[in-house]
Participant: 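Quick one: the structure is below, questions incoming.
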Protein chains: 2
Amino acid sequence: MATISDVAARAGVSTATVSRALNGKSTVDPALAEKVREAAAALGYQPNGLARNLRRQETAVLALVISDVENPFFTAIARGVEDVAQTSGYSVVLCNSDENAEKERRYLDVALQERVAGVVLSPTGGGTDVSPLLGRGTPVVAVDRPLDAVDGDQVLVNTKCAADEATRHLIEGGYRRIGCLTGPEGVRTADDRLAGYRSAIADSDTQQETYFRRCELRTAHAKAATLDLLDADAPDALLVVNSTMAIGVLEALRERGLRPGRDVGLVSFDDAPWAALVDPPLTVVAQPAYEIGSIAARLLLDRIADSSRPPEARVLAAELIERGSSHR
Amino acid sequence: MATISDVAARAGVSTATVSRALNGKSTVDPALAEKVREAAAALGYQPNGLARNLRRQETAVLALVISDVENPFFTAIARGVEDVAQTSGYSVVLCNSDENAEKERRYLDVALQERVAGVVLSPTGGGTDVSPLLGRGTPVVAVDRPLDAVDGDQVLVNTKCAADEATRHLIEGGYRRIGCLTGPEGVRTADDRLAGYRSAIADSDTQQETYFRRCELRTAHAKAATLDLLDADAPDALLVVNSTMAIGVLEALRERGLRPGRDVGLVSFDDAPWAALVDPPLTVVAQPAYEIGSIAARLLLDRIADSSRPPEARVLAAELIERGSSHR
DNA sequence: TTGAAAGCGCTAACAT
DNA sequence: ATGTTAGCGCTTTCAA
């Protein structure tokens with residue numbers, strides 16, 4: 001593979017000139033520059049990014065570490081990040097931590113070792129440690145879930161409030177035994193949404209007890225937990241914390257011959273592409289996923305440009321979209 | 001940030017010894033090795049991957065370039081790739097080409113410049129050029145769609161055959177004006193599935209004409225195209241080439257007050273997580289997406305280990321899963 | 001077993 | 001405007 005010296009030799013100039021000509025830095029005699037470009041083209045020269053990055057001590061790539069590639073909420077965030085990164089000349093590499101702290105740690109290590117310019121991260125659980133990144137000066141912005149013990153940039157959703165609102169909506173719909181299906185303890189969104197549910201129930205004068213289950217944020221687990229909840233507590237409505245789990249819930253309901261809305265009221269977080277297509281259409285708490293991603297990327301780029309900026313925490317609003325599954 | 005020389009100084013050894021100790025290469029005196037590890041830990045030493053890669057001329061990362069992160073088919077492939085890469089110590093970075101040849105080219109450039117160890121790619125259209133990668137010795141395996149003009153490793157699905165089978169299934173179901181909604185010309189899967197549809201119709205003695213529309217592989221485009229097809233040709237059944245488009249089709253049907261199955265038979269490619277939940281459940285052609293990914297990764301790793309292996313083309317089978325949408 | 005030293009390919013002072 | 005040169009941080013001969 002041709003190197004910069006090959007190009008220099010062929011064009012009859014120094015490597016420095018080649019570098020300058022190809023990077024459009026400083027001023028180079030147009031004629032020479034042209035010669036260089038010709039030589040580069042003739043040799044099929046492809047700059048070695050590794051060498052360049054090593055020398056420059058920086059990389060034009062952003063790492064995006066998300067907890068589930070198969071969740072449309074996160075892929076929408078990914079698109080948001082990518083779209084703004086793109087326009088600033090950054091590439092973004094997506095790493096799937098799979099709700100697994102160990103995988104997450106590994107990807108964070110890779111990000112550090114590869115000296116990416118910045119990281120957008122949706123932390124899996126409580127124990128995420130980004131201090132090595134921060135220590136080295138690599139900015140990190142948290143999305144969806146906060147990074148505790150770190151006062152950094154973050155883009156979150158007012159999720160407790162949204163859960164409260166969704167629960168009230170079910171109460172108003174006449175449901176009297178509302179349950180909640182949420183994720184593992186320590187996953188902040190799972191905890192917050194459960195808290196929102198609880199506060200709405202506590203405020204109600206139609207329901208005293210709470211009925212909830214925690215399980216992994218996966219379809220199969222959600223289905224099993226729902227079956228269990230159904231059999232044990234016979235709830236007449238359910239608040240579900242994401243669309244992946246909602247699929248499991250719908251499967252469980254079907255298995256028990258229960259119809260969403262009529263038999264069991266249903267509200268789920270995340271307006272998945274299919275949410276309006278099931279029967280009855282699913283009432284959801286829509287989160288502005290794309291915006292979360294684009295804002296996070298913007299925050300990150302801003303901080304890369306100026307590391308002294310004070311940390312910014314953005315909290316976006318979610319929107320309850322009423323459809324058939326929350327009415328009898 | 002601490003470098004290898006800092007560690008060497010602190011441990012009172014040479015940088016060579018540090019490198020050897022930390023990489024477990026060659027033999028190092030256990031006592032010294034321990035001292036080195038201590039020094040490294042004390043300094044919070046994080047090896048600079050850039051420098052290492054530059055020296056080694058290789059990277060333990062695989063690039064996966066897919067055409068749509070929001071399509072569950074591709075995210076399932078991603079999981080397959082990741083799972084096997086993981087076990088061999090490789091990280092995989094996911095790049096979303098977004099069915100956009102320009103973006104794809106950019107990511108392929110990045111992959112080349114960053115000297116990734118290998119690339120798994122689902123080519124957007126016809127014009128994809130991987131020769132720079134290949135020329136430099138970076139192996140590429142194509143998934144879902146072939147790389148024309150290159151005799152390389154690839155993992156495909158016998159998609160024409162599957163489309164033919166799906167169409168016959170509709171014919172047997174008694175549908176007599178079967179249409180097809182497919183992707184842009186040049187997207188091999190779109191062309192093959194259309195061909196499969198055509199061959200089934202040609203073989204039938206119940207239908208002479210074909211009714212089809214091509215549009216971008218997106219929900220909104222699919223909806224518009226379906227509306228158009230419905231109004232112009234009044235098909236009584238539809239074969240749809242992926243689940244993203246199927247959503248648009250279902251929306252269109254609903255808008256026209258047409259019920260899947262009873263009014264318009266429906267078969268879609270890809271068994272999306274929600275496919276069994278819509279009403280009636282969606283008959284699909286399920287592709288072994290996870291296997292496509294895992295096999296592709298294995299092929300890639302094999303080739304990285306031994307570049308002289310003859311190229312291997314694997315063609316997996318798809319499976320028709322009959323559900324309610326293809327019966328009256 | 002260990003160290004000295006070369007060098008991966010590039011960019012950025014510095015000198016001209 | 002261009003060239004010379006040092007050096008980014010690491011691994012790997014080569015010698016000792």
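As the structure is a computational prediction, the values presented were derived from the model and not from experiment. Chain letters run A, B, ... following the sequence lines, proteins first, then strands; residues in each count from 1.
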Participant: Quiz question: by atom type and distance under 3.5 Å, do the side chains of B/Arg106 and A/Gln86 form a donor-acceptor pair?
Facilitator: yes

Participant: For residues A/Thr124 and A/Glu99, is any side-chain donor paired with an opposing acceptor at under 3.5 Å?
Facilitator: no

Participant: For B/Met1 and D/dC10, give me the distance from atom CE to atom C1', rounded to whole Å.
Facilitator: 14 Å

Participant: Looking at side-chain heavy atoms only, is the closest gap between A/Arg79 and B/Asn96 below 4.5 Å?
Facilitator: yes

Participant: Please report, rounded to the nearest Å, how far the C1' atom of C/dG9 is from the CZ atom of B/Arg55.
Facilitator: 12 Å

Participant: Backbone N or O of B/Gln57 within a donor-acceptor pair of the B/Arg115 side chain at under 3.5 Å?
Facilitator: no

Participant: If we ignore hydrogens and angles and just use 3.5 Å, is the side chain of B/Ser97 paired with the main-chain N or O of B/Lys103 as donor and acceptor?
Facilitator: no

Participant: Tell me: CZ of A/Arg56 to P of C/dC8, nearest whole Å?
Facilitator: 20 Å

Participant: Look at A/Thr3 and C/dG9 and indicate whether a side-chain polar atom (N or O) is within less than 4.0 Å of OP1 or OP2.
Facilitator: no

Participant: Whole angstrom is fine here: how far is it from CG in B/Leu22 over to C1' in D/dT12?
Facilitator: 16 Å

Participant: When you compare the protein's N or O atoms with those of nucleotides 1-5 of chain C, which come within less than 3.5 Å of each other, and at what distance?
Facilitator:
{"from": "C/dT1", "atom 1": "OP2", "to": "B/Thr27", "atom 2": "OG1", "distance (Å)": "2.3"}
{"from": "C/dT2", "atom 1": "OP2", "to": "B/Asp29", "atom 2": "N", "distance (Å)": "2.6"}
{"from": "C/dG3", "atom 1": "OP2", "to": "B/Ser14", "atom 2": "N", "distance (Å)": "3.1"}
{"from": "C/dG3", "atom 1": "OP2", "to": "B/Ser14", "atom 2": "OG", "distance (Å)": "3.2"}
{"from": "C/dG3", "atom 1": "OP2", "to": "B/Thr17", "atom 2": "OG1", "distance (Å)": "2.4"}
{"from": "C/dG3", "atom 1": "N7", "to": "B/Arg20", "atom 2": "NH2", "distance (Å)": "2.7"}
{"from": "C/dG3", "atom 1": "O6", "to": "B/Arg20", "atom 2": "NH1", "distance (Å)": "3.3"}

Participant: For the pair made of CD1 in B/Ile4 and P in C/dC8, what is the distance, rounded to whole Å?
Facilitator: 18 Å

Participant: Between A/Asp129 and A/Arg105, does any side-chain N to carboxylate O distance fall below 4.0 Å?
Facilitator: no

Participant: Please check if any side-chain donor atom of A/Glu70 sits under 3.5 Å from a side-chain acceptor atom of A/Thr244, or the reverse.
Facilitator: no

Participant: So, OP1 or OP2 of C/dG9: does either fall under 4.0 Å of a side-chain N or O from B/Gln57?
Facilitator: yes

Participant: Let's see if you get this right: which residues in residues 45-54 of chain B place a heavy atom under 4.0 Å from DNA chain C?
Facilitator: B/Leu54

Participant: Could you check whether any side-chain N or O of A/Arg20 sits under 3.5 Å from a backbone N or O of A/Thr27, counting only pairs where one atom can act as donor and the other as acceptor?
Facilitator: no

Participant: Would you mind reading off the distance between A/Leu43 atom CG and C/dG9 atom P, rounded to a whole angstrom?
Facilitator: 14 Å

